[in-house]
Amino acid sequence: MTRYLIEGTYTAEGAKGLLKQGGTSRRKQIQKMIEDLGGTMETFYWAFGDTDLFVIAELPDAATAASIGLTVAGAGAVRTRTVVLLTAEEIDQARGKTVDYQVPGAIAS
């Protein structure tokens, strides 16, 4: 399974819901959602600043990650951003691949 970083930023309505339900309740609900989709939640943190919460989860595939983002965004209480996380070994694999690339505007040799 692939790991994803899911960042969430509450709207005003979402913040009202958080105040009503509490942080541990929301964490449990998010963990259940991820597990019901066949994934696991590795970590969950609330934060100060532009982003209100950070989740690292292992999910079965990109379609599952997209379904979370679409469903949460459609509810309107939280804006999400999902980032695919790579291991050091995956970066080593990527480094070993040959890529035919030219900078835009460069003259082909």
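One-based numbering along the sequence shown.
Applying the ring pair (Phe, Tyr, Trp, His ring centres under 6.0 Å) test to every pair with at least one member in residues 24-45, sequence neighbours left out, gives these pairs: Phe44-Trp46. Residue pairs that meet the side chain to side chain donor-acceptor pair (under 3.5 Å) test with at least one member in residues 60-79, sequence neighbours left out, are Asp61-Thr64.
Residues satisfying the salt bridge (charged side-chain N to carboxylate O under 4.0 Å, His left out) test with Lys28, not counting sequence neighbours, are none. Remark: Glu35 engages no residue in a salt bridge (charged side-chain N to carboxylate O under 4.0 Å, His left out) (not counting sequence neighbours). Considering only residues two or more places apart in sequence or on other chains, Thr87 meets the side-chain contact (heavy atoms from CB on, under 4.5 Å) condition with Glu89, Glu90. With sequence neighbours excluded, the residues that form a salt bridge (charged side-chain N to carboxylate O under 4.0 Å, His left out) with Asp36 are Lys32. Applying the side chain to side chain donor-acceptor pair (under 3.5 Å) criterion to Glu58, with sequence neighbours excluded, gives no partner residue. Applying the salt bridge (charged side-chain N to carboxylate O under 4.0 Å, His left out) rule to Arg81 yields the partners Glu7; only residues at least two apart in sequence or on another chain are considered. Thr82 pairs by the side chain to side chain donor-acceptor pair (under 3.5 Å) definition with nothing, not counting sequence neighbours.
The hydrophobic cluster containing Leu5, built from Ile/Leu/Val/Met/Phe/Trp/Tyr side-chain heavy atoms closer than 4.5 Å, also comprises Phe54, Ile56, Val83, Leu85. Side-chain heavy-atom separations under 4.5 angstrom define the hydrophobic clusters, and the remaining members of the one that includes Val99 are Tyr101, Val103. Apart from Leu70 itself, the hydrophobic cluster it occupies contains nothing, where clustering links Ile, Leu, Val, Met, Phe, Trp and Tyr at side-chain heavy-atom distances under 4.5 Å.
Nearest approach of Pro60 to Gly38, heavy atoms of both residues: CG-O, 3.8 Å.
Evaluated for a side-chain contact (heavy atoms from CB on, under 4.5 Å) with Leu59, the options Val84, Thr2, Ile34 yield exactly one hit, Ile34.
By the 4.5 Å heavy-atom criterion applied to side chains, Ile68 and Leu37 are counted as neighbours. In this structure, the side chains of Leu53 and Tyr10 come closer than 4.5 Å at one or more pairs of heavy atoms.
The 12-atom threshold is exceeded at CG of Asp92, counting heavy atoms of other residues, nucleotides or ligands nearer than 6.0 Å.
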Residues Met33, Met41; criterion side chain to side chain contact (heavy atoms under 4.5 Å, CB included); working and verdict: CA-CA 10 Å; Met33 174 187 66; Met41 187 169 76; over 6 Å; no
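Note that CZ of Arg27 and OG1 of Thr43 are 9.5 Å apart. Values are rounded to the nearest 0.5 Å.
A distance-only check finds a donor-acceptor pair linking the side chain of Thr11 to the backbone of Ala77 [under 3.5 Å].
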